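Have a look at the structure below before the remarks.
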Amino acid sequence: MTDHPADPPLSGITVVSVEQAVAAPFATRQLADLGARVIKVERPGGGDFARRYDTTVHGESSYFVWLNRSKESLFLDLKSERGRRVLDQLLGGADVFVQNLAPGAAARAGLGAEALAERFPSLIPCSITGYGSTGPWADRKAYDLLMQCQTGLVSLTGNEHGSARAGISVADIAAGMYAYSGILTALFTRATTGVARAVEVSLFEALAEWMGQPAYYTRHGGTQPPRLGTQHATIAPYGTYTAADGKEVLFSIQNEREWAALCEQFLRRPDLVDDPRFATGSARVAHRTELNAIVAERFRESGSGEVRKLLDEAGIANSEVNDVEEFLAHPVLRARDRWRNIPIPGGTRVPALLPPVDLAGTAPRMDAVPAAGEHTDRILAELGYTAADIDALRTDQVI
């Protein structure tokens, strides 16, 4: 492990994860960032199917490189009796067990929360499911875009011409974040009470939480927020407008002080400050079309640089509209030294962003992305298996 100014906060914590895709790997990678030892159990041969989502990172999957640094990879066939025996040995010395297997698979393998609590009372089991382990949809498969559709998120994205998915795996990321915080809470609870609590997170309920504002708006307003592309559905003006040079600039008005500054310093229309059509946030939303026409006309008079300068001087938040390449070169990331190079399978080193939470006096763990099954022999040797034992397991395709 890389030397750090102080021991990471989860040093000494061991996590065993039977994980795949995005949600569970995202949760356990964040635990690894904090210094936990994460043993990733993968199917012999191919391993986590996310390894094959694409080959863009020097032959490795962009998803896998993002989600799996600082972990150890163990090949293990959990459908075999000997494979399950090895897993039990691992769990006997582990603090946390994470799984996001297909519906019912964990219970069939004896890896449900209740079964684990009987065998390993101090173990914290975490299950990441699609729709929860109970209820009428417990047995349904669940993927990110399905969740975006089921929660109504897709009905909010896009524009008047049609809906669109969010461009990243928001349901998986939400579930991974809640699993991570739930595990940290369970570790704290165990440390203070001695009781190991099970953690369960579903993709559906994680993204349902993120739908809170449109849910309240729809239930009490009688209609859901409209699809408006880069315009905000319930705040105006808030969105992108095209400057004289053809470039888009986004800006946001959050309060009446900013509205007055926009009218006086940018629009050069102080008469609009108290115009009944625009004097309150609700009025501006109700008269969005008229307001957008006024703003768009002013944008056509100046280039994007001048527009941003004037908005800055008025104290109004604004932004150019970056693509991913521009984000990668962002001056804030560079000035704050947020990139670190990590090894990936094959020995190439690639830039990875530091975790967003800075903990004073410590540095995050930023170790290699493992090759499939890379640590199998070493982990089994730690459990007491001899070289001959390991060869026999490999011959029988248990590892």
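We count residues from 1, following the sequence as given. Being a predicted model, the structure only gives us computed values, none of them experimental.
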Q.
For Glu60 and Thr55: C-alpha separation, side-chain torsions, deciding distance, then whether side-chain hydrogen bond (donor to acceptor under 3.5 Å, both in side chains) applies.
A. CA-CA 5 Å; Glu60 301 296 325; Thr55 57; over 6 Å; no
Q. Of all heavy-atom pairs between Asn322 and Glu326, which one has the smallest distance, and what is that distance?
A. CA-OE1, 3.2 Å
Q: Please determine if Asp367 and Arg365 form a salt bridge, counting it only when a charged side-chain N lies under 4.0 Å from a carboxylate O.
A: yes
Q | N/O donor-acceptor pair under 3.5 Å between Ser11 side chain and Asp7 backbone | A | no
Q) Should the ring pair Tyr178 and Trp210 be called parallel, tilted or perpendicular, given that the plane angle runs from 0 to 90° and is split at 30 and 60? A) perpendicular
Q. Any chain of hydrophobic side-chain contacts (each under 4.5 Å) joining Val22 to Leu207?
A. yes
**Q.** Which atom of Arg140 lies closest to which atom of Pro103, heavy atoms considered
**A.** O-CG, 3.4 Å
Q: Determine whether more than 12 heavy atoms belonging to other residues, nucleotides or ligands lie under 6.0 Å from atom CZ of Arg197.
A: no
Q | Within one Ile-Leu-Val-Met-Phe-Trp-Tyr cluster: Ile342 and Leu67, side-chain cutoff 4.5 Å | A | no
Q. Is Asp88 paired with Arg119 through a side-chain N to carboxylate O contact shorter than 4.0 Å?
A. yes
Q: Give a yes or no on whether a salt bridge exists between Glu19 and Lys71, defined as a side-chain N under 4.0 angstrom from a carboxylate O.
A: yes
**Q.** Nearest heavy atoms of Tyr53 and Ala21, plus distance in Å
**A.** OH-CB, 3.7 Å
Q. Backbone N or O of Leu250 within a donor-acceptor pair of the Asn318 side chain at under 3.5 Å?
A. no
Q.
Within this structure, what is the CZ-CZ distance for the pair Arg340 and Arg69, rounded to the nearest 0.5 Å?
A. 11.0 Å
Q: Might you work through the side-chain contact (heavy atoms from CB on, under 4.5 Å) test for Leu203 and Asp144, ending with a clear yes or no?
A: CA-CA 8 Å; Leu203 273 68; Asp144 186 86; 5.6 Å; no
Q. Looking at the rings of Phe204 and Trp137, which for Trp means the six-membered one, are their centres under 6.0 Å apart?
A. no
Q. Between Gln99 and Ser127, do the side chains contain an N or O donor and an N or O acceptor separated by less than 3.5 Å?
A. yes
Q. Does Glu320 pair with Lys247 as a salt bridge, N-O distance under 4.0 Å?
A. no
Q. Which atom names give the shortest non-hydrogen contact between Leu156 and Gln224, and what distance separates them?
A. CD2-NE2, 3.8 Å
Q.
On a heavy-atom basis, which atom in Ser155 and which in Gly152 lie closest, and how many Å separate them?
A. OG-O, 2.6 Å
Q.
For Ala24, is there any backbone N or O sitting under 3.5 Å from a side-chain donor or acceptor partner on Thr28?
A. yes
Q: Working to the nearest 0.5 Å, report the span between CG of Leu76 and OG1 of Thr376.
A: 8.0 Å
Q | Check: Ala233 main-chain N/O paired with Arg288 side-chain donor or acceptor under 3.5 Å | A | yes
Q) Around Gln213, counting heavy atoms of other residues, nucleotides and ligands shown, do more than 12 lie under 6.0 Å from its CD? A) yes
**Q.** Trp259 (side chain) donor-acceptor with Val273 (main chain) under 3.5 angstrom
**A.** yes
**Q.** Student check: side-chain heavy atoms of Ile399 and Pro44 closer than 4.5 Å
**A.** no
Q. Ion pair present between Glu72 and Arg378, side-chain N to carboxylate O less than 4.0 angstrom?
A. yes
**Q.** Check: Tyr241 ring centroid to Phe251 ring centroid under 6.0 Å
**A.** yes
Q. Looking at Trp339, does the NZ or CZ of Arg334 lie under 6.0 angstrom from its six-membered ring centre and within 45 degrees of the ring axis?
A. no
**Q.** Distance, nearest 0.5 Å, that separates OH of Tyr385 from CD1 of Ile390
**A.** 9.5 Å
Q. Using a distance-only test with no angle check, is there a side-chain donor-acceptor pair under 3.5 angstrom linking Ser73 and Glu42?
A. yes
Q | Asp95/Arg37 salt bridge by N-O under 4.0 Å criterion | A | no
Q) Do Glu258 side-chain atoms and Gln254 backbone N/O form a donor-acceptor pair below 3.5 Å? A) yes
Q.
I'd like to know if the side chain of Asp389 and the backbone of Thr386 have a donor-acceptor N/O pair within less than 3.5 Å.
A. yes
(Q) Is the terminal nitrogen or CZ of Arg298 (NZ for Lys, CZ for Arg) located under 6.0 angstrom from the six-membered ring centre of Phe266 and within 45° of that ring's axis? (A) yes
Q) CD of Glu325: more than 12 outside heavy atoms within 6.0 angstrom? A) no
Q. So with a 6.0 Å cut-off around CD of Glu290, is the heavy-atom count from everything else above 12?
A. yes
Q | Aromatic ring proximity Phe64/Phe49, centre distance under 6.0 Å | A | no
Q | SB check Asp48 Arg43 (cutoff 4.0 Å) | A | no
Q | Hydrophobic cluster membership, Ile124 vs Val15, 4.5 Å side-chain cutoff | A | yes
Q.
Let's go through Arg190 and Val195 carefully: what are the C-alpha distance in whole Å and the side-chain angles of both, what is the deciding distance for side-chain contact (heavy atoms from CB on, under 4.5 Å) to 0.1 Å, and is it a yes or a no?
A. CA-CA 5 Å; Arg190 192 185 67 172; Val195 178; over 6 Å; no
Q. Between Leu262 and Ile294, is there a shared hydrophobic cluster once you connect ILVMFWY residues whose side-chain heavy atoms come closer than 4.5 Å?
A. yes
**Q.** Donor-acceptor contact present, side-chain Thr218 to main-chain Ala215, <3.5 Å
**A.** no
Q: To the nearest 0.5 Å, tell me how far Arg84 CZ sits from Asp77 CG.
A: 8.5 Å
Q) Donor-acceptor pair, Ser163 side chain versus Gly158 backbone, under 3.5 Å? A) no
(Q) Please check this pair: side chain of Gln148 against backbone of Ala166, looking for a donor-acceptor N/O pair closer than 3.5 Å. (A) yes
Q: Tell me, yes or no, whether the heavy-atom count around Glu81 atom CD, taken from other residues, nucleotides or ligands under 6.0 Å, exceeds 12.
A: no
Q | Minimal non-hydrogen separation, Arg284 against Ile253, with atom names | A | NH2-CG2, 4.3 Å
Q: Decide side-chain contact (heavy atoms from CB on, under 4.5 Å) for Val57 and Val350; before the verdict, give the C-alpha distance in whole Å, the side-chain angles of both, and the deciding distance to 0.1 Å.
A: CA-CA 8 Å; Val57 187; Val350 299; 3.9 Å; yes
Q | Side-chain touch Val201/Glu205, heavy atoms, less than 4.5 angstrom | A | no
Q: Applying side-chain contact (heavy atoms from CB on, under 4.5 Å), run through Leu31 and Ile183 and close with a yes or a no.
A: CA-CA 9 Å; Leu31 297 171; Ile183 290 166; 4.0 Å; yes
**Q.** Salt-bridge criterion met for Glu313 and Arg308 (N-O under 4.0 Å)
**A.** no
Q. How long is the span from the CG atom in Asn68 to the OG atom in Ser17, to the nearest 0.5 Å?
A. 9.0 Å
Q: Could you tell me whether the side chain of Gln231 reaches within less than 4.5 Å of the side chain of Pro237, counting heavy atoms only?
A: no
Q.
Are Leu272 and Leu311 linked, directly or through intermediate hydrophobic residues, by side-chain heavy-atom contacts shorter than 4.5 Å (ILVMFWY only)?
A. yes
**Q.** Chi angles and distances behind the salt bridge (Lys or Arg N to Asp or Glu O under 4.0 Å) call for Arg268, Glu301
**A.** CA-CA 12 Å; Arg268 301 190 292 256; Glu301 297 174 1; 2.9 Å; yes
Q.
Would you say CG of Asp274 has more than 12 non-hydrogen atoms from neighbouring residues, nucleotides or ligands within 6.0 angstrom?
A. no
Q: State, with a plain yes or no, whether a side-chain heavy atom of Pro343 is found less than 4.5 Å away from one of Thr348.
A: no
